[in-house]
Amino acid sequence: MAVAVAELRGVPVAELADRLDRLGGPEASRPSVARSATGTFPDLPGAERGKVVLRLAPFPNGVLHIGHGRLLYVHDHYRQQYDGRILLVFDDTIGSDEKRAEPEFFDLIQGDCELAGVRPDAVYYKSDRIPSHYPWARRVIEHGGAYVCRCPPDLLRENRAAGRACPERSQGPTEALEGWEKMLANVYGPGEAVLRLRTDLAEPDPAFRDRVLFRISDQAHPRVGTKYRVWPMLEFSWAVDDVELGVTHVLRGKELVIEDRMQRFVWDLLGIRGPPFLHWGLLRVREAKVAKSKANREVRSGAYDGWADPRTWSLRSLDRRGISMESLRAFILSFGMSLTDIDVPAESLYAENRKRIDAIALRRAFVSAPVRVDVAGYPLDRGEVTLPNHPDRPELGERTVAGGPSFYLARPDAEAHAGEEVRLKDLVNVRLPPAPWPAGIPVSAEFTSRENRRLPRLQWVGTADSVPVDVLQIDGTHLAGVGDRSLRTALPREIFQFERVGFVRVDSAPPAPSGPLRVVYAHP
RNA sequence: GCUCCCGUAGUCUAGUCCGGUCAAGGAUCCGGGGCCUUCGACCCCGUAACGCGGGUUCGAAUCCCGCCGGGAGCACCA
């Protein structure tokens, strides 16, 4: 058994490594394979290789964010393990006033799946499947499992908490069927009647008492408009669709366990054997407190820079920052199917990503808040210098950049060493003048020596040829600075390490002709 | 309040089902050192955990009981 588990655990890691190798390009030749610990995934009960059908069911009211990563990669993990299929089923029932499906997200979410590397084998829309739900409702009613309740929502809630029956609860199937037909025949307006499951008033869990199965809404749906007024609730719709779509295993977060009971209750009533359920626990990435409604609002108002704004922590934003989806996958899979409440810092994701990009990111010099420093006595032969693109990988080539005698230094960095001798990294040693350094006036420094000594090291950019750079940071603010001239040939989406600053990715948006090079900060 | 779930180092995880091989493994973070002219990488070293209390047993992270703590659900949302 122990051996079997060990083998099982070994598989995904190896597959991940293969996958990375097959990507080609610089990643294929990187010196070492990134290895990460994978959490445990139990076998799917009764699963047969090649016959597993899973379903992803996002609600289309926002793009997929980091939290959806678990949904995506847990499903994909099992798809790979069992050579199964993943159905993307848009959970687009009519929602509520606070939570409504919106048209643009159908395509955006499919794009997100693609981006994440979790391509669904088929796509369904719940809104196309409403008619097939009605016969199921009828069957449940005929089995005495449901009744039409006309209590106002507040009263319904009160009664549920108190375990009190509402007057209509005693309806027999015939009467309930009549009520149901009236619902379908537009006799009632929104909020005037619902179809409720008849569980047990003595049911100890108040959350489970006589849940609503169908309700009436006049809202227009982004895909089917006002074609339907009687809409199923999530639990009932899955009781239907998990069976009709042939789903073999339902994987969901543990906040949805009560939906399991609801589905089973319906299936038991109708004598159907449905698929088993598996759950994972809550995952919270500390820095990514995503309020979907706020993000949507800010994107729409233009306050955020689109769906890939770093503040949204959307999958798109991670990609834009240069955080690879394979890193996200490894990060997510490290949690396994744990039911624990996870509160993990983004640093863990960054560590995972660093393993993958450190070997391929070319090094570049970048200086923020530049202050000009003129060096007296600067050696003439150092007007240009050639530096390696990567300190550990000569095969990645080198670049030639402008040297002195005039430099930009990062003001806070340099000012901290005012009056001291410092080393301009990879170049020469200079003595900086004492503070203060008035703004707007070049600082006069003095050449001291060339040899590499253990002095504080400063990043520099030669003023003779520099490139203005704008860094979009994780909090949405911008950092202005200059980079070395080799950045002039930077390609969209290219990933660099700004030495002593961190990893960045060149933005894919076409740059303004005269504007700075736009990059997005990933992590240290 | 009711119902369910979860508690292994700062964080995440392996081990718990089937008690001994666990004086608890890995990752990350943190600290120290080495090395490459980065605050990054790599190498070496180090700190650090079985929520608490009982019980069963020769032996408990693992089984039993009782607490305590955390989370989720209690929508005509998903």
Side-chain angles (χ1 to χ4, degrees), chain A residues 1-2 5-6 9 31-32 35-40 42 57-61 91-101 126 149 151-154 156-157 160-161 163 190-196 203-209 211-217 231 233-235 237-238 252-261 279 281-284 286 330-331 334-336 338-345 347-352 354-355 357-359 361 363 365 387-388 390-393 413 423-427 451-455 457-459 497-503 523-524:
Chain A
M1 181 61 189
V5 170
R9 274 211 302 269
S32 63
R35 289 193 77 84
S36 314
T38 304
T40 44
F59 185 70
N61 71 335
D91 218 344
D92 61 333
T93 51
I94 198 63
S96 65
D97 286 338
E98 307 85 61
K99 199 165 187 175
R100 314 181 55 156
K126 200 132 250 188
C149 174
C151 297
D154 290 348
L156 191 156
R157 199 173 306 133
R160 168 146 54 214
E192 286 180 8
V194 294
L195 185 70
R196 292 177 71 182
E203 164 59 43
D205 183 355
F208 193 68
R209 292 175 194 146
R211 301 267 291 204
V212 171
L213 263 25
F214 284 84
R215 85 291 203 177
I216 297 169
S217 173
W231 288 87
M233 303 294 288
L234 170 139
E235 304 89 331
S237 77
W238 283 117
R252 49 167 62 138
K254 73 173 179 182
E255 72 276 12
L256 259 27
V257 283
I258 196 163
E259 330 302 354
D260 302 7
R261 284 197 69 194
H279 301 93
L282 257 57
L283 169 63
R284 195 172 76 107
R286 225 165 279 165
F331 170 71
S334 75
F335 307 128
S338 140
L339 259 356
T340 315
D341 303 314
I342 298 171
D343 182 29
V344 65
E347 177 58 43
S348 293
L349 172 62
Y350 299 160
E352 202 61 62
R354 215 177 277 123
K355 288 179 193 167
I357 64 172
D358 183 74
R363 269 51 175 176
L387 302 170
H390 194 292
D392 308 321
R393 304 189 64 198
D413 207 9
R423 173 124 185 119
L424 302 184
K425 188 172 175 297
D426 302 308
L427 197 61
E451 83 281 5
N452 178 25
R453 281 192 282 138
R454 289 220 157 262
L455 295 169
R457 298 206 167 91
L458 296 188
Q459 210 65 41
Q497 188 202 53
F498 283 173
E499 287 188 308
R500 302 178 66 243
V501 174
F503 294 93
H523 53 76

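Throughout, a chain's letter reflects where its sequence line sits, starting with A, and its residues are numbered from 1.
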For atom [atom1], what is the distance between [N] and [M], given to the nearest Å?
{"N": "B:U28", "M": "B:C43", "atom1": "P", "value": "10 Å"}
{"N": "B:C65", "M": "B:A23", "atom1": "C1'", "value": "28 Å"}
{"N": "B:C12", "M": "B:G53", "atom1": "C1'", "value": "28 Å"}
{"N": "B:G46", "M": "B:G10", "atom1": "C1'", "value": "16 Å"}
{"N": "B:A49", "M": "B:A9", "atom1": "C1'", "value": "4 Å"}
{"N": "B:G66", "M": "B:C29", "atom1": "C1'", "value": "36 Å"}
{"N": "B:U13", "M": "B:C6", "atom1": "C1'", "value": "15 Å"}
{"N": "B:C52", "M": "B:G7", "atom1": "C1'", "value": "12 Å"}

Mind checking who [N] pairs with, Watson-Crick or G-U wobble, both distances under 3.5 Å?
{"N": "B:C42", "value": "B:G34"}
{"N": "B:C12", "value": "B:G26"}
{"N": "B:U57", "value": "none"}
{"N": "B:G19", "value": "none"}
{"N": "B:C74", "value": "B:G1"}

Determine the contact category for A:Pro204: base if any of its heavy atoms lies under 4.0 Å from a base atom, sugar-phosphate if only primed atoms, P, OP1 or OP2 are that close, otherwise nothing.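 Answer is sugar-phosphate: A:Pro204 comes under 4.0 Å of backbone atoms only.
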Looking at A:Asp426 and A:Arg363, does any basic side-chain N land under 4.0 Å from a carboxylate oxygen?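 No salt bridge links A:Asp426 with A:Arg363.
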Should the pair A:Arg211-A:Glu203 be classified as a salt bridge under the 4.0 Å nitrogen-to-oxygen rule? no
Is the shortest side-chain N/O distance from A:Thr93 to OP1 or OP2 of B:A78 below 4.0 Å? yes
Would you say a side-chain N or O of A:Arg457 is under 4.0 Å from OP1 or OP2 of B:U38? yes
Side chain of A:Arg363, heavy atoms from C-beta onward: which of B:C6, B:U38, B:A78 has the nearest atom to it? B:U38
Against the side chain of A:Asp205, the closest entry in B:U38, B:C12, B:G73 is B:G73
Report the distance from atom [atom1] of [X] to atom [atom2] of [N], rounded to the nearest whole Å.
{"X": "A:Glu98", "N": "B:C76", "atom1": "CD", "atom2": "P", "value": "11 Å"}
{"X": "A:Arg393", "N": "B:A41", "atom1": "CZ", "atom2": "P", "value": "16 Å"}
{"X": "A:Arg215", "N": "B:A78", "atom1": "CZ", "atom2": "C1'", "value": "9 Å"}

Do A:Arg261's NZ or CZ and the ring of A:Phe208 fall within the cation-pi criteria of under 6.0 Å and 45°?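 So A:Arg261 does make the cation-pi contact.
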Centre of A:Trp238's six-membered ring, under 6.0 Å away, within 45 degrees of the axis: is that where NZ or CZ of A:Lys126 sits?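 Geometry flag: set, cation within 6.0 Å and 45°.
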Take A:Arg215 and A:Met233, measure what side chain to side chain contact (heavy atoms under 4.5 Å, CB included) needs, and give me the verdict at the end. CA-CA 7 Å; A:Arg215 85 291 203 177; A:Met233 303 294 288; 3.4 Å; yes
Specify whether A:His523 and A:Tyr350 have parallel, tilted or perpendicular ring planes, treating 30° as the upper limit for parallel and 60° as the lower limit for perpendicular.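 A:His523 and A:Tyr350: parallel rings.
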